Amino acid sequence: MKRKGENRPHGGLEAWIEALPPQGRYAFTRDEAMAALGFGRKDFNQAARRLSAKKKIARIHGQFYVVVPLEHLAVGVIPADWFIVALMEHMHRPFYVGGLSAAALHGAAHQHPQWLQVVTDRPLRKIRCRGVGIQFFVKNDVGAVPTQPIKAVTGFLPVSTPEATALDLIRYCRRIGGLNQALTVLQELGEAIDPAKLVKVVQLDGNMAYGQRLGWLLEQAGFANKTKPLADWLARKKPFGAKLEPSVPIRGSTCSKRWHLWLNAEVEKEEI
């Protein structure tokens with residue numbers, strides 16, 4: 001026996017989406033729903049508009065939608081980490097959770113980011129829906145970055161390791177809030193960093209200036225005991241002098257001989 005309204009397009013779609021969360025799924029595409037229900041585009045759009053108005057679904061990007069369970073109905077959307085894996089699969093893009101979001105997942109949660117920060121291989125526009133946002137950073141060799149799986153509500157997220165996360169804080173420094181923010185996060189993230197793995201991450205990255213800045217900042221964060229292997233490796237490579245703040249002249253600044261780094265900016269950590 002059909003439930004009331006099930007013969008109408010929006011009733012059919014509502015019943016279909018309600019069956020997804022028990023399967024551990026909170027995302028679907030327009031084409032998937034149309035094929036499952038035998039809908040045309042007009043019927044789907046009509047049903048989707050009604051369910052979106054009731055905050056039972058939310059359109060995140062293009063034809064990609066998420067199901068909103070009862071506990072998130074007031075907001076009208078689910079957290080981004082519930083659907084990011086499905087979204088990136090839909091967009092056919094490699095990715096990992098990085099930046100401040102990765103740092104928070106590794107325990108550096110003093111300042112939890114408002115946006116889920118994701119690193120992928122090409123520029124993508126920010127996504128924002130009903131207060132939930134995703135911020136994309138670009139890195140060409142995403143697949144070469146060491147990651148580890150971290151459990152989320154809907155499965156496992158690929159998250160940059162603590163060492164790779166620390167290096168990304170330097171790479172994307174301006175976008176995460178500057179050197180002060182990077183230093184503040186490193187005060188907590190430093191506990192999880194393995195000195196040998198840190199050297200390997202800098203070697204894989206190939207940008208020694210990032211390694212020079214990171215080594216100096218880790219010392220300022222109170223983790224000088226974890227920087228010796230990196231300092232020794234950099235000394236053997238004999239890098240050029242780098243600037244702590246790339247956009248500022250070095251006139252009048254001192255140089256850290258250990259890191260071959262011009263200290264051309266004042267950096268202050270936030271008390272945590």
Side-chain angles (χ1 to χ4, degrees), residues 79-89 91-124 126-127 132-179 181-218 221 223 226-227 229-230 233:
D81 59 1
W82 287 31
F83 62 81
I84 187 62
V85 173
L87 175 63
M88 300 308 285
E89 287 177 353
M91 297 173 78
H92 304 293
R93 299 264 56 87
F95 84 101
Y96 63 85
V97 176
L100 297 178
S101 297
L105 289 168
H106 289 304
H110 178 61
Q111 292 181 326
H112 200 281
Q114 293 181 329
W115 297 74
L116 181 68
Q117 296 182 343
V118 170
V119 183
T120 187
D121 66 343
R122 68 171 59 173
L124 295 174
K126 289 180 180 179
I127 291 175
V132 166
I134 304 172
Q135 183 179 19
F136 296 99
F137 300 160
V138 179
K139 196 173 193 297
N140 292 331
D141 53 344
V142 171
V145 176
T147 62
Q148 64 187 74
I150 292 184
K151 186 76 171 71
V153 171
T154 56
F156 288 89
L157 300 174
V159 180
S160 54
T161 62
E163 299 78 23
T165 300
L167 195 61
D168 275 354
L169 294 178
I170 309 305
R171 178 186 304 280
Y172 306 113
C173 187
R174 290 185 179 180
R175 297 188 64 188
I176 67 162
L179 289 169
Q181 174 77 314
L183 179 55
T184 297
V185 176
L186 287 171
Q187 288 181 86
E188 295 181 293
L189 183 62
E191 293 285 354
I193 288 177
D194 179 282
K197 291 179 180 178
L198 183 63
V199 176
K200 289 180 181 179
V201 162
V202 176
Q203 288 174 333
L204 280 171
D205 185 82
N207 190 316
M208 285 190 286
Y210 291 153
Q212 290 162 258
R213 295 182 191 118
L214 177 55
W216 184 83
L217 284 168
L218 276 170
F223 295 99
K226 297 197 174 188
T227 62
L230 178 59
W233 178 78

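Quick caveat: nothing in here was measured; it's all calculated off a predicted structure.
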Q. Does the side chain of L218 reach to within under 4.5 Å of the side chain of L198, using non-hydrogen atoms?
A. yes
(Q) Please give me the minimum heavy-atom distance between L179 and L217, naming the atom from each residue. (A) CD2-CD1, 4.0 Å
Q | Euclidean distance, T161 OG1 relative to K200 NZ, rounded to 0.5 Å | A | 11.5 Å
Q: Can you measure from CZ (F95) to CD (E89) and round to the nearest 0.5 angstrom?
A: 7.5 Å
Q: Return yes if some donor-acceptor pair links the side-chain N/O of Y210 with the main-chain N/O of L169 below 3.5 Å, else return no.
A: no
Q.
For P158 versus V85, what's the shortest heavy-atom pair and its separation?
A. CD-CG2, 4.4 Å
Q.
What I'd like to find out is whether the side chain of V202 reaches to under 4.5 Å of the side chain of L167, using heavy atoms alone.
A. yes
Q.
For the backbone of A102 and the side chain of Q117, can you confirm whether one donor and one acceptor N or O come within less than 3.5 Å of each other?
A. no
Q | Working for side-chain contact (heavy atoms from CB on, under 4.5 Å), residues L124 and M88 | A | CA-CA 11 Å; L124 295 174; M88 300 308 285; 4.3 Å; yes
Q: For the residue pair F83 and L116, establish whether any side-chain heavy-atom pair is separated by less than 4.5 Å.
A: no
Q.
Are the side chains of Y172 and V119 in contact, using a 4.5 Å heavy-atom criterion?
A. yes
Q. What are the two closest non-hydrogen atoms of L189 and P162, and how far apart are they?
A. CD2-O, 3.8 Å
Q.
In the structure I gave you, are the side-chain heavy atoms of L214 and L186 within less than 4.5 Å of one another anywhere?
A. yes
**Q.** Exercise: identify the closest heavy-atom pair between K226 and E191
**A.** NZ-O, 2.9 Å
Q) Would you find a donor on one side and an acceptor on the other, under 3.5 Å apart, between the side chain of T154 and the backbone of W82? A) yes
**Q.** From NZ (K151) to CG (L105), nearest 0.5 Å
**A.** 13.0 Å
Q | R122 atom CZ, neighbour heavy-atom count above 12 within 6.0 Å | A | no
Q: May I ask you to check whether over 12 heavy atoms, not counting those of Q203, lie within 6.0 Å of atom CD?
A: yes
Q: Could you tell me whether the side chain of M208 reaches within less than 4.5 Å of the side chain of W233, counting heavy atoms only?
A: yes
Q: Look only at the side chain of K197 and the backbone of A164, and say whether a donor-acceptor pair between them is shorter than 3.5 Å.
A: no
**Q.** Validation row: F223, I193 side chains within 4.5 angstrom (heavy atoms)
**A.** no
(Q) For the CG atom of L100 and the CZ atom of R175, what is their distance to the nearest 0.5 Å? (A) 11.0 Å
Q.
Side chains of V159 and T147, heavy atoms from C-beta outward: is any pair under 4.5 Å?
A. no
**Q.** For the student: nearest non-hydrogen atoms of S101 and W115, plus distance
**A.** OG-O, 3.3 Å
Q.
For R93, run the side-chain contact (heavy atoms from CB on, under 4.5 Å) check against T120, L87, V142 and tell me which one passes.
A. T120
Q | Donor-acceptor under 3.5 Å (H106 side chain, S160 main chain) | A | yes
Q: For residues V201 and P146, report the shortest heavy-atom separation together with the two atoms involved.
A: CG2-CG, 4.0 Å
